[in-house]
Amino acid sequence: MKKIRAAAVISAVALLATGCSSGGGSAGSADGKGPIKVWLSNNEQEVAWGHAVVDAWNKEHPDEKVTAQEIPAGSSSEEAITAAITAGTAPCLVYNVAPAAVSGWVKQGGLVDLSSMKGGSDYITERGGDLDAYATDGDFYQLPWKSNPVMVMYNKALFQAAGIDPENPKMATYDDFLAGSRAIVASGVQSAIWPAPTSEFYQPWFDFYPLYLAETDGTMLVEDGKATFDSDAGRTVAEFWKTIYDEKLAPNEASTDDAMSAGTTAMQLAGPWAIPSYADTVDVGFMPVPTSDGRENPTTFADSKSVSMFTSCKNQGTAWDFLQFSTNEENDGQLLELTGQMPMRTDLAGTYPDYFSANPAYEAFAKQVEATADVPSIPNSVEAWQAFRDEYSSAVIFGKESIDDFLKTAASKIDKLVAE
């Protein structure tokens, strides 16, 4: 996204860092009916889905018209939403909420407790199953909407050229993954894998965290109020990535273009959203993230997005009705058809068998969605992830401190943030 003015960015960052309360209490009523506004992600396919759903609703509800627009441009969606909460200009619903940001917005007073809406908790859990990890203090301030399980996407042609079977790469263990990565670079490809080495708080979700979840069978970064990763498993994952960087199998600077399309990397960690991005440029395959022992069906990061309702919404009754309409079985099916992203529904493959039969490239993700975990719902979540990223980058990507110091320092910082 394009950057917004520096003052707005600084304001948004400050709010994310402090969780300061602004935007006031609820401006609307749970029974309020009338026009509402919603914000959508700027993903082209998702925008098309959103406008189709809005048009279908508006035909049947002329007195409760929904108006949709993309999330305003900013350095991140989270900062744009935070700024809107502060200014009291947030829409009724946003269809691109990162679960990591929810606790801060609850603290800020910006979100409606969906559990308090008529049938709220029942609707959310009947649709998605056991979703306790998405609750904040026992209540749902978000409807877990879609999942993008992170897997290893790879360029089949580059694998073939490196002597790796693209249909059965056999890179499930760390040792085998490293051996394959060395062969790729030796074949002349600039990098085997190219995670973004930049400092944004969410970058661990596409390097360390999926492998940590896999190595621990789903242990989240923080559990029971304490960081979990200063452990043998955390050290094993960090050492694996450090080897990747030390051997220059991944660059420690950002790519200036799309490295997969350009052929300058053979692999990246990605979800099903990436499939249409490369449909015309790269013949891609997918495999689970590696583990030290190559276990079957490893857990990975869900990379889910939620829908939240904002307290500035006057007509919350309409917003709740539209939220249920937009996430019913039919519209979830349309989301799957148009975007390839996985609605967070129980028995996804069984609910939409025709789709997965017709789109075999997505079958791996339909299977993977059963073995995922997400970010923990914790106080100061964004700040905790930023503290982790800063220490990880210093030790693993740039080699400025030891792995042990990184794990100890990051865990200590996160424990303090969670305890606030």
Side-chain angles (χ1 to χ4, degrees), residues 100 150-152 171-182 192-252 267 269 287-302 371-376 378 381 383-419:
V150 172
M151 300 184 74
V152 179
M171 293 170 63
T173 69
Y174 286 171
D175 285 345
D176 288 341
F177 193 96
L178 289 168
S181 297
R182 292 170 187 133
I193 189 168
W194 202 333
T198 49
S199 62
E200 296 88 354
F201 75 90
Y202 52 80
Q203 294 298 355
W205 306 342
F206 304 99
D207 47 35
F208 178 90
Y209 197 46
L211 273 65
Y212 180 68
L213 291 171
E215 192 68 15
T216 60
D217 295 324
T219 298
M220 291 191 290
L221 197 79
V222 176
E223 292 189 353
D224 299 323
K226 294 289 184 182
T228 64
F229 55 84
D230 186 7
S231 64
D232 289 343
R235 190 169 295 103
T236 297
V237 175
E239 292 286 2
F240 167 78
W241 280 114
K242 189 173 189 303
T243 300
I244 291 278
Y245 285 104
D246 285 351
E247 296 190 16
K248 302 190 183 306
L249 303 173
N252 62 7
M267 295 182 282
L269 294 181
M287 57 186 174
V289 298
T291 57
S292 61
D293 57 7
R295 72 197 65 175
E296 293 185 5
N297 304 314
T299 301
T300 192
F301 176 51
T372 59
D374 219 305
V375 297
I378 54 174
S381 180
E383 299 82 2
W385 283 104
Q386 189 65 65
F388 180 90
R389 185 61 178 180
D390 293 344
E391 296 297 328
Y392 173 89
S393 297
S394 178
V396 175
I397 300 177
F398 300 109
K400 294 180 179 179
E401 63 177 301
S402 70
I403 295 296
D404 284 344
D405 285 347
F406 141 56
L407 295 170
K408 181 179 179 180
T409 302
S412 176
K413 288 181 177 180
I414 289 172
D415 286 348
K416 291 176 182 177
L417 286 164
V418 173

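These figures come from a predicted structure and were not determined experimentally. Excluded from the calculations below are hydrogen atoms, water molecules and symmetry mates; all remaining heavy atoms, backbone and side chain alike, are included.
Contact annotation: the side chain of Phe406 never approaches that of Lys242 to less than 4.5 Å [non-hydrogen atoms, C-beta and beyond]. With contacts defined as side-chain heavy-atom distances shorter than 4.5 Å, the pair Tyr174/Pro290 qualifies. The shortest side-chain heavy-atom distance between Ile403 and Trp241 does not fall under the 4.5 Å cut-off. Between Val289 and Phe301 the shortest side-chain heavy-atom distance does not fall below 4.5 Å. In this structure, the side chains of Thr291 and Thr173 stay at 4.5 Å or more apart for every pair of heavy atoms.
Under the 3.5 Å distance criterion, the side-chain polar atoms of Gln203 are left unmatched by any main-chain donor or acceptor of Glu200. At least one donor-acceptor pair closer than 3.5 Å links the side chain of Arg295 to the backbone N or O of Glu215. The backbone N or O of Glu239 lies less than 3.5 Å from a partner atom in the side chain of Thr243, making a donor-acceptor pair. The closest donor-acceptor contact from the side chain of Thr372 to the backbone of Thr300 lies at 3.5 Å or more, if one exists at all. Judged purely by atom type and a 3.5 angstrom limit, Asn252 has no side-chain atom pairing as donor or acceptor with the backbone of Pro197.
Minimum interatomic distance between Ser381 and Pro376 (heavy atoms only, all atoms of both residues): OG-O, 4.2 Å. Of all heavy-atom pairs between Thr299 and Ala373, the closest is CG2-N, 3.9 Å. Smallest separation of non-hydrogen atoms from Glu223 and Met220: OE2-N, 2.9 Å. Scanning all heavy atoms of the two residues, the minimum distance from Val375 to Tyr209 falls at CA-OH, 4.1 Å. A pairwise comparison of heavy atoms in Ala302 and Asp374 identifies CB-OD2, 3.6 Å as the closest pair. Nearest heavy-atom pair across Leu269 and Pro210 is CD1-CG, 4.5 Å.
Interatomic distance, CD1 of Ile378 versus CH2 of Trp385, reported as 7.5 Å (0.5 Å rounding). If you take CG on Asp175 and CG on Asp293, they are separated by 11.0 Å, rounding to the nearest 0.5 Å. Going from atom CG of Asp207 over to atom CD1 of Ile244 covers 11.0 Å, rounded to the nearest 0.5 Å. Rounded to the nearest 0.5 Å, atoms CD1 (Ile193) and CG (Leu249) are 10.0 Å apart. The structure places CZ of Phe177 at 5.0 Å from CE of Met287, a figure rounded to the nearest 0.5 Å. Separation of atoms OG (Ser412) and CG (Leu407) is listed at 12.5 Å; rounding is to 0.5 Å.
At a threshold of 4.0 Å, the pair Asp232-Arg235 counts as salt-bridged, since one of the basic side-chain nitrogens sits closer than that to a carboxylate oxygen.
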Subject >> Step-by-step side-chain contact (heavy atoms from CB on, under 4.5 Å) determination, Ile414 to Leu221 >> reply: CA-CA 10 Å; Ile414 289 172; Leu221 197 79; 4.2 Å; yes
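Among residues two or more places apart in sequence or in another chain, the ring pair (Phe, Tyr, Trp, His ring centres under 6.0 Å) test is passed with Tyr212 by Phe208.
Taking the six-membered ring wherever Trp is involved, the centroid distance between the rings of Phe388 and Phe229 falls below 6.0 Å.
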Side-chain donor-acceptor pairs under 3.5 Å in residues 391-400, sequence neighbours left out?
residue	atom	partner	partner atom	Å
Glu391	OE2	Lys413	NZ	2.8
Ser393	OG	Arg389	O	2.9
Ser394	OG	Glu401	OE2	3.3

